[in-house]
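Working notes, beginning with the structure itself.
Proteins get letters first, then strands, A, B, ... in listed order; numbering begins at 1 in each. The basis for the numbers below is simple: all heavy atoms, side chains too, and nothing from hydrogens, waters or symmetry mates.
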Amino acid sequence: MLLYDHKEIEKKWQNYWAENGTFQAQNHSEKPKFYALDMFPYPSGAGLHVGHPLGYIASDIVSRYKRHTGFNVLHPMGYDSFGLPAEQYAIQTGQHPAITTKDNIARYREQMDRIGFSFDWSREIKTSSPDYYKYTQEIFIMLFDSWYDNIADKARPISELEFCFRESGTTSINAATNEDLRQFTAADWNSFIEQEQREILLDYRLTFLADTEVNWCPALGTVLANDEIVNGVSERGGHPVVRKKMRQWMMRISAFAERLLSDLDGLDWSESIKEIQRNWIGKSIGSMVTFKLEGNFPLGGNAAGNGNKIDVFTTRPDTIYGVTFMTLAPEHELVDIITTAEQKAAVEAYKKATSARSERERMADVKTISGVFTGAYALHPLSGEKIPVWIGDYVLAGYGTGAVMAVPCGDERDHAFANYFAGQNGMPEIKNIFKDVDISEEAYAAKDDTKITNSEFLNGMSYKSGAMTAAIEKLEEVGAGKGKTNYRLRDAVFSRQRYWGEPFPVYYKDGLPQMIDRKHLPLELPEVDEYLPTEDGAPPLGRATYWSWCTQENKVVSNDDDRDCVYPLELNTMPGWAGSSWYMFRYMDANNENEMFSSEAQEYWENVNLYIGGSEHATGHLLYSRFWVKLLHDLGKVTVNEPFKKMINQGMILGESFFADKIEVKMASSNSENNLFLGCSVDSKIKVDNVITHEGIDYTVLNRIKNGYRIEFAHNYVNSDNLLTSADYYSILKFDFGYGKEGVDGGLANIVWFDDNGLDEKAEDRYIFLHREAEKMSKSKYNVVNPDDICDQYGADTLRLYEMFLGPLEQAKPWNTAGITGVYGFMKKLWKLYHDENSFNVIDEKASPDSMKTLHKTIKKTREDIENFSFNTSVSSFMIAVNELTAQKCNNREVLESLAVLVSPYAPHIAEELWSLLGHSESISEAAFPVFEEKYLVESSKTYPI
RNA sequence: GCUCGAGUGGUGGAAUUGGUAGACACGUUGGACUUAAAAUCCAAUGGGUAGUAAUGCCCGUACGGGUUCAAGUCCCGUCUCGAGUACCA
């Protein structure tokens with residue numbers, strides 16, 4: 001064999017690996033462990049494009065390298081297979097999501113197998129498989145059976161809380177709960193009936209039912225989490241989202257806020273992801289301040305049962321003497337109570353107007369200032385001054401207490417509000433408490449050394465010199481406040497009104513939720529006739545007539561074997577992130593039928609050494625999985641506090657599209673005078689700023705179009721009376737003139753064509769100018785490149801090398817198939833090194849010093865590059881090595897044997913083939929990675945002029 | 001608006017962390033081979049300029065300053081692009 005035949009080689013070794021289980025990881029080993037994990041994919045109907053495997057290739061290179069260097073490597077793969085698209089497809093076609101999911105998985109597997117990954121497929125998992133979600137349901141029960149002890153700062157079993165209640169009531173308890181809960185003694189607790197006790201406990205559990213304002217998406221028929229909404233519309237599909245009160249399962253992630261924040265410091269993640277999570281958690285340190293209301297109002301207004309005061313949260317208690325008014329959110333519960341008769345009409349009108357505005361409108365016009373005076377006054381806790389109380393929609397009901405003390409001199413929004421209503425009844429003049437600062441134009445919000453004035457005991461202090469602490473101390477002294485830390489992070493809504501998700505292991509008895517006994521799990525997803533919600537608004541599971549172990553329609557017998565009692569089941573399903581929040585542990589013991597994973601397996605593999613995936617999950621998956629792992633840790637289920645020690649976020653591979661800026665063409669056969677546009681993307685944005693004239697035609701650009709043009713998309717644009725009779729090269733663009741441009745009439749596609757010389761010379765008056773642009777690869781943009789095609793034409797090794805060669809892993813970069821020939825050329829040259837004209841030809845003689853130098857230079861570089869995840873420069877160094885060795889006519893075993901191992905993580909198929917040609921019977925994955933030796937590099941030390 | 005990150009040839013990108021900028025590859029141009037094409041191989045390729053030539057000189061890492069023997073790299077200011085976030089008190 002002389003020619004490099006990638007097809008035969010790759011098939012051969014892929015079969016060999018599969019048959020020999022080459023990459024199966026052992027749960028016991030003398031070697032140190034290494035766990036490399038990719039974010040598992042959602043198997044969509046579109047299959048993989050060249051962007052998907054990028055991260056998998058990187059993790060595969062590291063995994064193979066780690067095997068070569070003596071590690072026991074776990075490198076698994078699976079599917080996050082519950083989710084919306086399969087269900088929406090089901091709603092449209094009636095096709096069962098399980099079937100489409102199965103087909104899609106088969107296709108994904110086929111595509112991945114062709115790329116030659118060293119995955120341990122014996123550990124494959126699917127989140128939609130009952131064997132798997134059985135344990136997702138179990139974790140839900142664990143959450144239900146836990147509460148958060150703020151004193152121990154950990155989650156604890158609910159039974160321990162019950163014990164405390166029995167012994168001492170609520171006196172010694174500091175728990176993360178919904179709101180300020182009522183206090184009781186041990187005697188009280190023991191006198192409560194069971195129903196009452198259960199209701200109380202529900203407020204303490206880490207997953208609980210709550211009537212909350214949720215993001216309801218009517219078009220999708222479900223509730224969405226905050227991170228599933230982008231700019232006020234659903235992330236998936238872009239449908240409007242409205243606020244609605246619903247009874248939902250919630251996850252008490254807020255209890256873990258501080259740990260989720262502080263543990264970020266110990267993670268080897270990119271600073272940007274950590275920063276996103278920090279912002280999302282949104283810690284602010286400040287204090288609560290209580291303002292007494294002037295006059296007497298009916299009791300029972302707010303949570304603490306006292307309607308005579310307003311509590312606010314502030315991060316600037318040091319500006320307490322700058323307060324000139326207060327603002328409540330329009331939804332604040334005190335509004336109706338304190339509004340005076342004269343202001344009643346105005347307040348009602350304002351409340352009505354704000355509630356009519358959708359979330360989207362409110363967000364879209366944050367600039368508009370609106371509000372109204374309630375007529376009521378509060379009293380300044382320190383000076384006793386009368387402080388008018390306003391309402392305004394710049395105050396959010398959901399953050400802090402839904403009320404603020406307004407300090408116009410120190411807060412931009414308060415400043416704007418005060419100015420807007422200046423002179424009106426109830427709006428005092430702005431008071432300046434900052435020495436030598438002009439606040440007439442804008443507020444002074446900096447937290448610096450600026451001295452405070454007009455502030456009694458705070459005079460002369462500054463934010464930096466401890467004014468805040470002094471203010472808090474004083475407030476505590478007079479009983480009007482205390483230090484407090486607030487988090488932006490809210491509890492996560494866990495219910496989805498959908499079919500294709502994990503069923504909750506829950507039934508309801510006397511209106512209170514009960515967990516289905518673990519011995520009955522999994523509670524399997526039942527069959528339904530349709531995947532839409534029922535007419536009465538129940539989720540799709542309301543249509544189920546048969547559940548795996550239920551006795552009657554939608555009903556279960558109770559756990560206490562009271563077979564005469566039947567209870568309704570929970571009909572919601574879990575959100576997409578449920579299954580993905582713990583999957584990294586299931587891989588450790590994926591086929592365990594008795595428990596989610598054995599503690600031995602977890603203790604051996606600990607957690608993930610290297611996690612590779614996109615950064616788009618920063619506030620979703622990556623936060624939720626950290627939350628669940630902390631829970632599992634607190635309950636003694638796992639030994640680690642964090643799931644992913646190190647993470648690399650690979651950048652997106654973009655598709656390349658061509659856009660016409662402007663074309664002027666006169667065509668003999670056409671009535672249209674001009675304005676033909678050309679490009680390769682149907683979904684075109686146009687830029688008209690680059691108009692060129694007759695003289696300005698850039699033939700280089702034209703030629704590039706010719707090369708970049710992809711003929712398979714042409715048919716999308718050809719219409720019946722097309723003009724493409726004699727064109728050698730042509731490209732047509734459907735184009736909407738009116739798209740986002742003013743003063744341009746709408747218009748449609750036309751045609752332009754080239755001959756071999758670029759622009760058709762016969763049609764002299766056709767002018768075009770265009771540019772290319774990288775954009776996200778997607779079916780609708782006609783710029784998708786399928787890895788199968790690349791494997792067919794160039795082989796998997798070339799694909800792997802090229803994806804790495806493209807640029808730094810973490811960076812977004814455009815795909816250009818034309819460039820792959822360089823890497824393919826390298827593969828052929830590599831092959832040639834081991835062959836002469838007729839056959840395999842490697843000699844045992846000692847290699848030349850030059851060759852040894854080339855080899856060791858490359859060993860050093862390859863090791864460093866893999867350790868630093870700098871795969872692109874590593875590929876370059878291979879190319880240099882092969883060029884040099886070719887020039888040196890090197891075919892010595894001592895060099896070529898090492899070279900094969902060096903490239904093996906990147907191009908495993910050819911490496912295996914060469915390894916076997918070199919006479920080895922074992923897989924190259926058993927080979928030790930070459931060790932760099934300094935002595936072969938004789939570098940002259942550089943001198944520099946002084 | 002705020003918070004990060006980034007600006008290097010026609011293109012993707014290198015530069016051992018302050019030490020000959022543009023490695024490697026694409027593209028382009030010229031050449032060899034071929035009836036021809038493909039494939040392969042060789043050479044040139046940041047810009048300008050002088051010379052028949054070998055070769056030489058000048059300018060060049062978004063822009064303007066600065067530190068240094070030496071700056072793509074460090075400091076100050078400006079501009080542009082990308083990402084995240086958005087009334088969080």
Would you measure the distance from the [atom1] atom in [N] across to the matching atom in [M] and give it in whole Å?
N: B:C79; M: B:A70; atom1: C1'; answer: 28 Å
N: B:G72; M: B:G66; atom1: P; answer: 15 Å
N: B:U61; M: B:C74; atom1: P; answer: 15 Å
N: B:A14; M: B:U67; atom1: C1'; answer: 27 Å
N: B:U8; M: B:A15; atom1: P; answer: 15 Å
N: B:C75; M: B:A6; atom1: P; answer: 12 Å

Does a side-chain N or O from [X] land closer than 4.0 Å to OP1 or OP2 of [N], or not?
X: A:N872; N: B:A14; value: yes
X: A:K828; N: B:U40; value: yes
X: A:S284; N: B:A89; value: yes
X: A:Q811; N: B:G13; value: yes

Legend entry - Helical stems, RNA chain B - three or more consecutive Watson-Crick or G-U wobble pairs below 3.5 Å: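 So far as stems of 3 or more pairs are concerned, RNA chain B shows B:1-7 with B:79-85, B:10-12 with B:24-26, B:27-32 with B:40-45, B:46-50 with B:55-59, B:62-66 with B:74-78.
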Legend entry - Touch class at under 4.0 angstrom, heavy-atom based, for A:T327 against every strand present: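 Touches nothing.
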Inset, instruction - Using a cut-off of strictly less than 4.0 Å between a heavy atom of the residue and any atom of RNA chain B, enumerate the qualifying residues of residues 402-418 of chain A by number. - result: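 Close to the strand are A:V404, A:R413.
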Inset, instruction - Using a cut-off of strictly less than 4.0 Å between a heavy atom of the residue and any atom of RNA chain B, enumerate the qualifying residues of residues 878-888 of chain A by number. - result: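 Residues of residues 878-888 of chain A that come under 4.0 Å of RNA chain B are, in numerical order, A:M879, A:I880, A:N883.
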Legend entry - Spacing of CZ belonging to A:F434 relative to CD1 belonging to A:I439, to within rounding of 0.5 Å: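 Here the interatomic distance stands at 9.0 Å.
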Inset, instruction - Taking atom types as modelled, find out whether A:E258 and A:Y487 have a side-chain donor-acceptor pair closer than 3.5 angstrom. - result: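 There is such a pair between these side chains.
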Regarding [X] and [Y], does a basic nitrogen lie under 4.0 Å from an acidic carboxylate oxygen?
X: A:E331; Y: A:K351; result: no
X: A:R278; Y: A:E271; result: yes
X: A:R863; Y: A:D865; result: no

Inset, instruction - Select one nucleotide: of B:C88, B:A89, B:A15, the one nearest the side-chain heavy atoms of A:T873. - result: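 Comparing B:C88, B:A89, B:A15 against the side chain of A:T873, the answer is B:A15.
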